[in-house]
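All values below come from the heavy atoms of this structure, side chains included, with hydrogens, waters and symmetry mates left out. Remember, it's 1-based here, ligands and their atoms both numbered in the order they're listed. Note that the numbering runs from 1 along the sequence shown for the chain.
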Amino acid sequence: MLPVVSPNPPQSPAPDERPDLRTLSLSALQALVALLGEKPFRAKQLFRWLHHKGAASFDEMTDLARPFREQLARETQLTRLTADAVQVSTDGTRKYRFRTWDNRFIESVYMPDEVGEPAFDPDADDEDPVEEPLARSSGKPARVRRTLCVSTQVGCAMGCRFCMTGTMGLVRNLTAGEIVDQVYRVNADLRGINKGEMDAQRPLTNLVYMGMGEPLHNYANVKRSLDLLLHQDGANFSHRHVTVSTSGLVPNILRLGEETQVKLAVSLNATTDEQRAKLMPVDKKWNIAALLEACRQFPMKNGRRITFEYVMLRGVNDTDEDAERLSTLLAGMPVKVNLIPYNENPGLGFGDPGVERVQAFRRHLERRGFAAMVRKNRGRDIAAACGQLAVAGQERPRAR
Ligand code: SAH
Ligand code: SF4
C-alpha cells in the first residue's frame with residue numbers, strides 16, 4: 001500500500017446532518033420530496049433549480065411555494081461555495097479561489113478560448129487550449145470554448161514532487177455538491193460580467209477535472225458530480241466536453257471507463273519507472289506498464305482518445321531520448337499527447353525547459369506519428385502555477 005494514499009480518505013463533512021440537496025441524485029430528491037409530503041413533480045423542479053439554473057439559495061426558487069421552501073430550509077441544507085478571491089488575466093483567464101463552509105480553500109480556473117468551426121477543426125471538442133491558431137474558414141465568427149478547470153479535493157494525497165497542491169497532503173475530499181457548485185458559481189459570475197455575449201443560462205461549454213486534487217482518489221463524489229453535470233435536466237454538459245485527469249489510479253481508471261463516457265487524461269510525466277517513481281510516488285503502486293494496460297482497456301467507443309499529459313521539467317524528462325521512449329510506450333494506442341511546460345513553483349526545485357526544447361520534443365513525437373500539442377500557458381500574468389492561489393490560503397507546505 002502506498003503510504004500517502006489512505007484507503008479511507010477523510011470523508012466530506014457537511015455543516016450538520018441534514019441532507020445536502022446539491023449532492024443528491026434526482027432519484028434521491030424524489031424520495032426526499034415524497035418524504036416531505038410534496039407532489040412528485042416537485043423533485044424535478046427542485047433538481048432544475050439546483051443544477052440547471054444553479055440556484056445559490058432557496059429564495060431564488062420562486063416557483064416553489066414559500067411553505068415548501070421554508071420546509072426545505074429547515075430540514076435540508078444547500079452547500080455553496082463563496083468566491084473569496086478572483087484574479088483576472090489579460091488573456092481572459094479568471095482564477096477563482098473559493099472558500100468552503102469549513103473555511104478551506106479550493107481553486108477553479110476559467111479559460112476562454114477561440115476555436116475554429118467544427119468542420120475545420122477535428123479537435124474542437126478537445127479540452128485543452130493549444131498554442132497554434134486552429135484552421136478556420138474566412139469570414140465566419142470563431143466559436144468560443146469556455147472551459148472550467150475544477151478541483152475535486154482540498155489538497156492531494158498523491159504527493160507529486162513538482163506540484164504545489166501535492167505539498168499540502170490531503171485535507172479532505174470535496175462533496176459532489178462542492179464540485180458542481182464551482183461550475184454554477186462561475187456560470188453565475190460569467191453571466192454577470194458578459195451579459196448578452198454568451199449562452200445566457202450556461203456560459204461554460206467544457207469542463208476539465210484538473211484542479212486541486214486527484215479525481216479518482218475521490219471516485220464516488222466525482223462520479224456523482226459527473227452524473228449531475230451531465231444530466232439533461234441538470235447542467236446538461238456533453239460527455240465529449242468533460243475530461244477527467246488522473247495521476248494513474250489504475251482500478252478507478254477501469255471503473256471510470258465502465259461507468260461513464262467522459263474523456264480520460266493521464267498524467268504520465270515520465271518514460272521510465274525509475275524516473276516516474278521519483279516524481280510521482282503513485283508509480284510505486286501502479287507502474288507505467290500497469291497504467292498503460294488500464295489505458296488499453298479503457299473503452300474507446302465514439303472516437304474517444306486518451307490524452308497523455310506530460311509536464312516538461314528541465315533536465316529531468318525533456319530530452320529527445322525521453323521523446324523516443326514516450327513514442328515507444330504509446331505506439332499503437334489512439335492517443336494525443338499534451339506537453340505542459342512546467343509552471344515554476346518556488347522551492348520545489350524544478351524548471352521550465354523553455355520553448356525551443358519543448359518544440360523539439362513535440363516535433364520528435366510528431367515525426368513518430370503522434371498528435372502532440374503544447375498547452376498554452378494561461379494567465380501567466382496573474383499567478384505562476386496551478387494550485388498556488390488556494391495553497392497560499394491554508395496550511396504551510398510540508399517540508400519535503
Ligand atoms: N491530480 C490530477 C489532476 C490535477 S493535476 C492529475 O495529476 O492528473 C493536473 C495536471 O497538472 C497534471 O497533469 C499535473 O501533472 C500538472 N501539473 C501539476 N503541477 C504543475 C506545474 N507546476 N506545472 C505544470 N503542470 C503541472
Ligand atoms: Fe495530486 Fe495531480 Fe498534483 Fe499529483 S499532480 S499531487 S496527483 S494534483
Side-chain angles (χ1 to χ4, degrees), residues 2 4-5 9 106-109 111 127-129 147-171 173-174 179 182 207-219 222 242-250 252-253 256 262-270 276-286 291 295 306-314 316-318 336-353 358 373-380 383-391 397-398 400:
L2 192 71
V4 291
V5 183
I106 54 167
E107 190 176 288
S108 321
V109 184
M111 298 165 288
E127 69 284 2
D128 279 309
T147 304
L148 188 70
C149 173
V150 296
S151 293
T152 54
Q153 298 180 311
V154 183
C156 181
M158 310 312 292
C160 302
R161 300 289 178 240
F162 49 83
C163 173
M164 198 64 187
T165 309
T167 64
M168 283 176 68
L170 178 61
V171 178
N173 279 334
L174 294 182
I179 299 171
Q182 295 168 61
L207 299 175
V208 292
Y209 281 60
M210 291 184 188
M212 296 181 92
E214 166 51 55
L216 300 189
H217 192 214
N218 183 14
Y219 186 87
V222 164
V242 178
T243 301
V244 173
S245 175
T246 180
S247 57
L249 274 64
V250 163
N252 287 346
I253 289 178
L256 188 78
V262 297
K263 298 206 284 190
L264 178 70
V266 172
S267 300
L268 190 59
N269 298 344
R276 191 166 188 267
K278 277 190 210 147
L279 298 172
M280 306 177 69
V282 66
D283 193 80
K284 293 178 202 150
K285 184 149 174 72
W286 293 289
L291 177 56
C295 293
I306 297 179
T307 298
F308 281 88
E309 296 165 278
Y310 194 93
V311 178
M312 295 205 58
L313 305 164
R314 184 174 63 235
V316 175
N317 64 359
D318 62 345
K336 257 185 356 159
V337 180
N338 214 324
L339 302 174
I340 315 177
Y342 185 59
N343 260 318
E344 295 186 3
N345 286 299
L348 297 189
F350 294 97
D352 176 354
V358 173
M373 277 157 264
V374 177
R375 186 176 299 173
K376 215 185 206 174
N377 214 320
R378 304 301 306 241
R380 264 236 159 114
C386 339
Q388 279 193 339
L389 190 61
V391 173
R398 266 196 327 244
R400 286 226 175 265

_Val311, Ile340, Thr152: member with heavy atom nearest to atom 14 (C) of ligand 1_ = Val311

*From atom 9 (C) of ligand 1, work out which of Met158, Glu344, Met210, Met312 has a heavy atom at the shortest distance.*
Met210

*Taking non-hydrogen atoms only, is Asn269 closer than 4.0 angstrom to ligand 1 via side chain, backbone, both or neither?*
side chain

*Any atoms of ligand 1 less than 4.0 Å from a non-hydrogen atom of Gly211? List them with their elements.*
4 (C)

*asked:* With no hydrogens and no angle check, just 3.5 Å: does a side-chain donor-acceptor pair link Ser247 and Glu214?
replied: yes

_Given Leu291, which partner from the list Val266, Thr246, Leu249 fulfils the side chain to side chain contact (heavy atoms under 4.5 Å, CB included) test?_
Val266

*Enumerate the atoms of ligand 2 whose separation from the nearest heavy atom of Ser247 is less than 4.0 angstrom.*
7 (S)

*So among Asn317, Val316, Asp318, Leu339, which one has a side chain to side chain contact (heavy atoms under 4.5 Å, CB included) with Pro353?*
Asp318

_Numbering as shown, the atoms of ligand 2 that approach Gly166 to under 4.0 Å (heavy-atom distance)_ = 6 (S)

*With side chains defined as the heavy atoms from C-beta onward, is the minimum distance between Met312 and Ile340 less than 4.5 Å?*
no

*Check whether any N or O atom of Asn343, backbone or side chain, sits under 3.5 Å from an N or O atom of ligand 1, and answer yes or no.*
yes

*Contact between Gly213 and ligand 1, counting heavy atoms under 4.0 Å?*
yes

*Of the protein's non-hydrogen atoms, which lies at the shortest distance from atom 1 (Fe) of ligand 2, and what is that distance?*
Cys156 SG, 2.3 Å

*What are the two closest non-hydrogen atoms of Met210 and Thr243, and how far apart are they?*
CE-CG2, 4.2 Å

*Contact atoms of ligand 1, heavy-atom distance to Asn345 under 4.0 Å*: 22 (N)

*By number and element, which atoms of ligand 1 are closer than 4.0 Å to a non-hydrogen atom of Thr246?*
6 (C), 8 (O)

*Less than 4.5 Å apart, any side-chain heavy atom of Asp352 and any of Asn343?*
no

*Has the side chain of Thr165 got a donor or acceptor atom that lies under 3.5 Å from a matching backbone atom of Met212?*
no

*Only one of Asn252, Thr152, Val150 passes side chain to side chain contact (heavy atoms under 4.5 Å, CB included) with Pro215; say which it is.*
Thr152

*Does ligand 2 have an atom under 4.0 Å from some heavy atom of Gly213?*
yes

*Please report the shortest heavy-atom distance between Ser245 and Glu309, naming the atom on each side.*
OG-OE1, 2.6 Å

_Give me the residue, atom name and distance of the protein heavy atom closest to atom 3 (Fe) of ligand 2._
Cys163 SG, 2.4 Å

_For ligand 1, which is the ligand I care about here, please tell me if Arg375 has any N or O atom under 3.5 Å from one of the ligand's N or O atoms._
no

*asked:* Using heavy-atom distances only, which candidate in Cys163, Gly166, Ser151, Pro215 approaches atom 19 (N) of ligand 1 most closely?
replied: Cys163

*Does a side-chain heavy-atom distance below 4.5 Å link Ile253 with Leu216?*
yes

_Within ligand 1, which atoms have a heavy atom of Glu214 less than 4.0 Å away?_
1 (N), 2 (C)

*Does any N, O or S atom of Cys160, backbone or side chain, fall under 2.8 Å from atom 3 (Fe) of ligand 2?*
no

_If you compare all heavy atoms of His217 against all heavy atoms of Asn173, which two are closest, and at what distance to 0.1 Å?_
O-OD1, 4.1 Å

